[in-house]
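Inspection log for the structure reproduced underneath, given as structure tokens.
Basis for what follows: all heavy atoms, side chains included, without hydrogens, waters or symmetry-related copies.
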2 protein chains.
Amino acid sequence: MSTDDTGRPGASTPAAGGGTVGIKQVAAHAGVSPGTVSNVLNRPERVAAATRARVEQAIVELGFVRNGSASTLRAGHSSTIGLMVLDLANPFFTDVARGVEDVASERGYAVILSSSGESDEREQRNLRVLAEQRVRGVLLTPVGDEGGNADRLRDRGVPVVLLDHPTPRANQCSVAVDDVAGGELAVTHLLDDGARTLGFVTGPPGLRQCADRRRGALRALRAACLGRDVLREVSVGAMNARAGQEAARRLLESGAPLPEAIFCANDLLALGVLRVLLQAGVKVPTDVALIGYDDIEFSAAAAVPLSSVRQPTYQLGRIATELLLEECDESGGHAHQQVMFQPELVVRESSRAAADDRESNSA
Amino acid sequence: MSTDDTGRPGASTPAAGGGTVGIKQVAAHAGVSPGTVSNVLNRPERVAAATRARVEQAIVELGFVRNGSASTLRAGHSSTIGLMVLDLANPFFTDVARGVEDVASERGYAVILSSSGESDEREQRNLRVLAEQRVRGVLLTPVGDEGGNADRLRDRGVPVVLLDHPTPRANQCSVAVDDVAGGELAVTHLLDDGARTLGFVTGPPGLRQCADRRRGALRALRAACLGRDVLREVSVGAMNARAGQEAARRLLESGAPLPEAIFCANDLLALGVLRVLLQAGVKVPTDVALIGYDDIEFSAAAAVPLSSVRQPTYQLGRIATELLLEECDESGGHAHQQVMFQPELVVRESSRAAADDRESNSA
DNA sequence: CAGCGGGGTTGACACGTTTTAATCCGATGA
DNA sequence: TCATCGGATTAAAACGTGTCAACCCCGCTG
């Protein structure tokens with residue numbers, strides 16, 4: 001090992017096994033009081049340059065690392081925020097997470113990333129862990145629509161910003177994308193392309209994302225003077241590719257003819273559907289047109305490039321985090337905001353009728 | 001403030017805004033001493049059933065949530081482990097993370113998920129945060145090969161298990177997949193299919209994964225009595241699809257003829273390469289065969305289903321976590337282990353020569 | 001009946017940091 | 001020369017929990 005010692009030869013053990021090195025040890029080493037060390041760490045401007053230099057040197061010499069627990073205990077809250085998403089394996093949420101991490105680390109906060117797996121019970125359990133950790137605030141994509149878990153946290157004095165979840169309530173911040181508009185966009189596009197019978201593949205109907213996109217789809221039908229009976233719905237238990245495969249199998253095995261176009265509540269679902277359709281020899285988009293939602297990176301590279309509805313994913317994470325930190329940092333004057341983005345249609349091959357030139361995007 | 005007293009009826013504010021409810025308030029409410037409440041929380045068997053019931057009731061009535069910082073401070077370590085991966089947007093790592101989370105939550109540990117983005121500096125900064133949080137242990141996929149960051153942590157008494165990174169050193173645990181074998185598998189397959197000129201698209205050469213897979217590729221060449229000059233290497237700065245696209249563009253624009261087969265260090269890279277090749281009118285696998293690495297879910301659904309090298313991803317996370325927790329929990333007797341899995345070739349259309357029947361997998 | 005043992009409970013201290021009020025010291029102005 | 005002032009530093013008191021030795025009570029044994 002590299003015996004890297006300070007000035008004295010062979011004397012000081014550099015932060016190794018022995019007694020933990022805390023603020024006290026640093027203070028002793030630098031010949032000041034613990035309070036001064038604390039000041040160097042937290043309000044460097046209050047301590048004379050010479051003293052500060054001495055303390056800083058002691059810190060590196062001893063390899064001191066501040067004890068976050070003590071800090072948190074004393075302050076009543078940590079400099080950590082929690083991020084709870086529905087599904088970490090969904091690129092949509094990892095993109096959001098990137099936005100969150102970027103802003104948080106710019107502002108000196110750490111992020112505890114957590115996933116509810118679309119289970120209310122896991123959401124509750126993981127939120128409890130966050131509460132125990134005394135996180136400064138929480139970004140939450142709730143699985144249920146009631147918001148009970150969020151309320152409980154807020155009652156405990158933990159700021160919560162709803163992520164990818166709009167709210168009419170004025171007493172909380174939320175950042176979301178208009179999923180009703182998105183669903184309408186998707187289905188209107190399918191209808192414009194000439195589809196007369198439709199399928200809707202969706203996850204748990206309890207998920208707000210699913211419910212809203214469905215409402216949008218229905219609204220598009222109404223606008224086209226079609227009954228909701230032209231929409232065949234298949235609901236599966238999750239929103240991943242495996243579930244999408246199951247949905248497609250169900251459609252195929254039902255005996256009924258396939259709809260002319262299928263709207264999936266999610267790109268992951270759509271990818272799963274696409275795969276099973278192709279394996280079954282169904283041509284996309286000739287036999288069945290297909291559109292997903294989220295426009296994850298892989299959609300453009302799919303067997304048949306997938307049409308989708310794009311959301312400002314990264315921005316979603318950034319804005320939400322900025323709102324949360326604003327609510328945390330500013331002592332009094334914080335006005336709750338409900339931010340709503342608009343989604344954007346991305347047409348690719350999977351839903352492009354033979355003679356259709358007015359697609360909006362091809363990059 | 002809410003004068004929240006114990007037995008009086010209608011007086012108790014249920015954990016709302018006012019004074020934080022701690023172990024003391026619970027004790028008062030239940031008519032016991034704080035020590036007993038602590039015992040109920042940590043060694044329930046030591047407290048009489050009746051008392052325990054009373055305390056537990058008080059806990060729910062007051063909505064008590066244990067203060068993790070105080071707990072950690074007192075105990076010297078938290079019940080949290082850190083997981084640091086190279087890239088959260090890579091499905092390979094989210095799969096690993098799932099394995100980690102599953103084991104950790106089974107054992108009552110929480111996971112702080114963190115990503116270095118393949119940057120040594122971010123790795124160091126984030127590890128420091130973990131150290132401040134006094135995590136019980138760390139699962140680390142190091143970006144550099146030196147292991148200096150890991151050593152520093154271990155010197156501070158934090159157990160570290162290397163994840164997706166083998167080590168010859170006997171003083172630490174590691175869990176990995178044999179990437180040299182994997183690289184050899186991939187390139188041998190390409191050669192068997194008749195390719196005589198090869199391309200290798202790789203990320204930063206400093207990444208062990210890249211270096212090892214490259215070594216495997218070279219070994220396969222040697223075994224086939226070919227010089228390393230038949231291997232054209234393209235190295236890009238990251239291991240995602242965008243970087244893959246850049247690599248493909250570089251290959252196309254170089255003027256030189258394309259290699260007959262391309263091995264990508266990563267499925268994400270491969271998907272990027274595939275996309276650009278197809279856009280340029282290059283037929284896969286007819287003109288160029290392609291194989292990736294990791295066998296992420298999307299590879300099977302790609303425009304041309306992607307051959308790949310499969311790793312036991314979820315298991316990787318599980319085993320690593322079990323080793324880490326064993327090292328944390330057991331006081332003395334823990335024998336360090338270096339676990340090495342073997343990868344598996346998955347042949348799909350992207351590398352299937354016209355008349356080739358002995359593919360190993362098609363599900 | 002005294003002594004004993006043991007399960008159940010208590011009280012008090014320690015963990016490492018932040019913060020507040022108090023102290024110290026050198027310099028400035030009268 | 002002395003009082004004053006202000007910046008730099010310090011001592012001490014929290015924060016909420018875990019632990020450990022001490023203590024109490026009760027039933028049992030001799």
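Counting only heavy atoms from C-beta on, V32(A) has its side chain closest to dT10(D) among dT17(D), dT10(D), dT9(C). The side chain of A48(B) approaches dG8(C) more closely than any other nucleotide in the set dG8(C), dT10(C), dT19(C). Among the nucleotides dT9(D), dG18(D), dT19(C), the one closest to any side-chain atom of S38(A) is dT19(C).
Within 6.0 Å of the CZ atom in R46(B), the count of heavy atoms belonging to other residues, nucleotides or ligands does not exceed 12.
Of the residues in residues 65-81 of chain B, those with a non-hydrogen atom less than 4.0 angstrom from any atom of DNA chain C are L73(B), R74(B).
Mapping T36(A) and V47(B) onto DNA chain C by nearest heavy atom places V47(B) at the nucleotide closer to the 5' end. Map N39(B) and N42(A) each onto its nearest nucleotide of DNA chain C; the residue landing nearer the 5' end is N39(B). Between R46(A) and P34(A), the one whose closest nucleotide on DNA chain D sits nearer the 5' end is R46(A).
Whole-Å rounding puts the F64(A) CZ to dG16(C) P distance at 10 Å. The CZ atom of R134(B) sits 11 Å away from the C1' atom of dC15(C) (whole-angstrom rounding). Going from atom CZ of R43(B) over to atom P of dG7(C) covers 15 Å, rounded to whole Å. What separates CD1 of I23(A) from P of dA11(D) is a distance of 14 Å, to the nearest Å. As rounded to whole Å, 15 Å separates atom P of dG16(C) from atom CG of L41(A). Atom pair K24(B):NZ and dT10(C):P shows a separation of 15 Å (rounding to whole Å applied). When rounded to the nearest whole Å, the span between CD of Q25(B) and P of dC15(D) equals 10 Å.
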Decide yes or no on salt bridge (charged side-chain N to carboxylate O under 4.0 Å, His left out) for E101(B) and R122(A), but give the supporting numbers first.
-> CA-CA 12 Å; E101(B) 279 226 337; R122(A) 275 189 63 187; 3.2 Å; yes
May I have the step-by-step check of salt bridge (charged side-chain N to carboxylate O under 4.0 Å, His left out) for R318(B) and E106(B), ending in yes or no?
-> CA-CA 11 Å; R318(B) 283 198 71 98; E106(B) 280 169 21; 3.4 Å; yes
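Side-chain contact check for R134(B) and H77(B): no donor-acceptor pair (N or O, by modelled atom type) lies under 3.5 Å. For N126(A) and S114(A), the side-chain atoms include at least one donor-acceptor pair closer than 3.5 Å. Using modelled atom types and a 3.5 Å distance limit, the side chains of R66(B) and N42(B) yield a donor-acceptor pair.
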So which protein nitrogen or oxygen atoms get under 3.5 Å of nucleotides 25-28 of chain D's nitrogens or oxygens?
none

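Contact annotation for V37(B): no contact, since no heavy-atom pair falls under 4.0 Å across all strands. Using a 4.0 Å heavy-atom criterion, one finds that G22(B) contacts the sugar-phosphate atoms exclusively.
With respect to R98(B) and D87(A), no salt bridge is recorded, no charged nitrogen being found less than 4.0 Å from a carboxylate O. The residues R152(B) and D155(B) are annotated as not salt-bridged, no charged nitrogen and carboxylate oxygen being separated by less than 4.0 angstrom. Salt bridge absent: R156(B) and D151(B) never bring a charged side-chain N and a carboxylate O closer than 4.0 Å.
A donor-acceptor pair under 3.5 Å is absent between the side-chain atoms of R154(A) and the main chain of Q172(A), judged by distance alone.
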